Amino acid sequence: MKAMVLNQYGDEAQFELAEIKTPDVSSGQVLIQVAASSVNTVDTMIKQLGENLPFSPQLPALLGMDVAGTVAAVADDVTNFKVGDEVYGCAGGLASLSGSLADFMPADTRLIAHKPKNLSMAQAAALPLVGITAFEGLHRAGIAQGQKVLVHGGAGGVGHIAVQLARYFGADVYTTIGRDEHVALVENLGATAINYRSSAVEEYVDQYTGGEGFDVIFDSVGGANMSNSFLAAKLNGQIASTVALLEMDLSLVHMKGLSLHIVFMLIQMIHNVRREEHAHILTELAKIAEAGHLTPILDDSNYTLEQVNQAYARLSSGQATGKVVIIND
């Protein structure tokens with residue numbers, strides 16, 4: 001089969017077209033004929049950092065976590081999928097799990113679900129990693145109807161899904177953005193836009209919560225931005241963050257009695273624990289999408305499998321709006 005593989009890691013590394021053996025299915029797996037995949041920030045991190053990350057595949061590496069496609073074969077012990085089923089999931093591209101940048105991809109059935117019927121293959125491929133991350137984070141933060149929820153980075157890959165899910169769960173949603181052209185985008189998703197470049201945290205907390213703070217904060221930016229989440233949270237508020245790889249003073253977390261939830265959805269994949277949780281979330285996301293409450297936004301760029309290098313460069317440029325998707329031709 002055709003695949004785009006990495007023969008080295010690093011800033012200058014490039015994917016190369018290769019002909020490799022079509023994988024067989026093992027117990028508990030299906031073989032997916034890949035229709036589309038999408039690029040996530042963690043994919044670009046693996047490409048750049050390689051052996052410095054404990055979950056990077058051995059070289060030559062076949063990356064690509066998200067996938068949408070059609071079941072081409074099933075293992076003898078698989079009963080919940082059959083040949084011809086349209087499926088989606090985040091099922092490979094790290095550690096020993098073969099990735100989606102190829103014609104075919106083996107997948108653990110605990111990491112996939114039936115594709116939402118109303119989404120295209122491209123839309124479905126854009127959803128798994130960001131959808132699982134947003135769903136898990138909001139639930140761990142105890143989201144409930146009527147709460148005021150702040151999503152940092154609501155025009156980003158994870159953020160725009162978190163906005164839609166928070167609305168679906170009945171919250172009053174606000175989101176920070178850094179570009180005025182994203183105002184209409186997030187408002188169409190049901191959130192009040194806050195340009196963090198022109199509005200200080202104290203200002204928008206006063207304006208939208210009367211100075212009390214937000215009940216739940218989903219911080220898809222993370223890192224140093226978590227200090228803004230601490231400021232914006234109400235007393236005993238809940239914060240879910242996707243990036244916590246830094247040292248910082250937690251004094252304000254203590255003084256406000258905040259709960260901080262770190263979301264790293266790759267844990268189930270890396271350690272082979274509770275993988276069925278991902279299948280459950282993907283099934284729930286499909287129901288929400290089919291009910292008309294969840295639609296991934298795709299960047300206006302178009303890439304084929306042989307243009308993977310350009311797709312990775314597009315996401316890394318910071319100029320993409322929504323998810324960067326790769327379509328197998």
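This is a predicted model, so every value here is computed, not measured. Residue indices begin at 1 and follow the sequence shown.
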> Are there more than 12 heavy atoms of other residues, nucleotides or ligands under 6.0 Å from atom OH of Tyr168?
Replying inline: no
>> Under the criterion ring-ring contact (aromatic ring centres under 6.0 Å, His included), I'd like the reasoning laid out for His114 against Phe81: C-alpha separation, chi angles, the key distance, then a yes or no.
In response: CA-CA 8 Å; His114 291 92; Phe81 296 98; 4.7 Å; yes
>> Show me the pairs that pass side-chain hydrogen bond (donor to acceptor under 3.5 Å, both in side chains) and involve residues 142-167, at least two apart or across chains.
In response: Lys148-Asp172, Lys148-Tyr174, His152-Thr176, His152-Ser229
> Take atom CD in Glu181; do more than 12 heavy atoms of anything else shown fall under 6.0 Å from it?
Replying inline: yes
> Under the 3.5 angstrom rule, does the side chain of Asn7 hit a backbone N or O of Pro60 as a donor-acceptor pair?
Replying inline: no
>> Would the distance check show the side chain of Lys256 and the main-chain N or O of Phe230 forming a donor-acceptor pair, the cut-off being under 3.5 Å?
In response: yes
> Who passes ring pair (Phe, Tyr, Trp, His ring centres under 6.0 Å) against Tyr204, sequence neighbours left out?
Replying inline: none
>> What verdict does the side-chain hydrogen bond (donor to acceptor under 3.5 Å, both in side chains) test give for Asn40 and Lys323, after you've listed the backbone C-alpha separation in whole Å, the side-chain angles of each residue and the deciding distance to 0.1 Å?
In response: CA-CA 8 Å; Asn40 296 287; Lys323 289 299 297 291; 3.1 Å; yes
> Of all residues at least two apart in sequence or in a different chain, which pass the ring pair (Phe, Tyr, Trp, His ring centres under 6.0 Å) check with His139?
Replying inline: Phe135, Phe169
>> Restricting to non-hydrogen atoms, name the atom on Ile20 and the atom on Ala3 that form the minimum distance, rounded to 0.1 Å.
In response: CD1-CB, 3.7 Å
> Is the backbone N or O of Gly222 less than 3.5 Å from a side-chain atom of Asp219, with the two atoms forming a donor-acceptor pair by type?
Replying inline: yes
>> Tell me if the CG atom of Asp76 is crowded by more than 12 foreign heavy atoms within 6.0 Å.
In response: no
> Are there more than 12 heavy atoms of other residues, nucleotides or ligands under 6.0 Å from atom CG of Asn302?
Replying inline: no
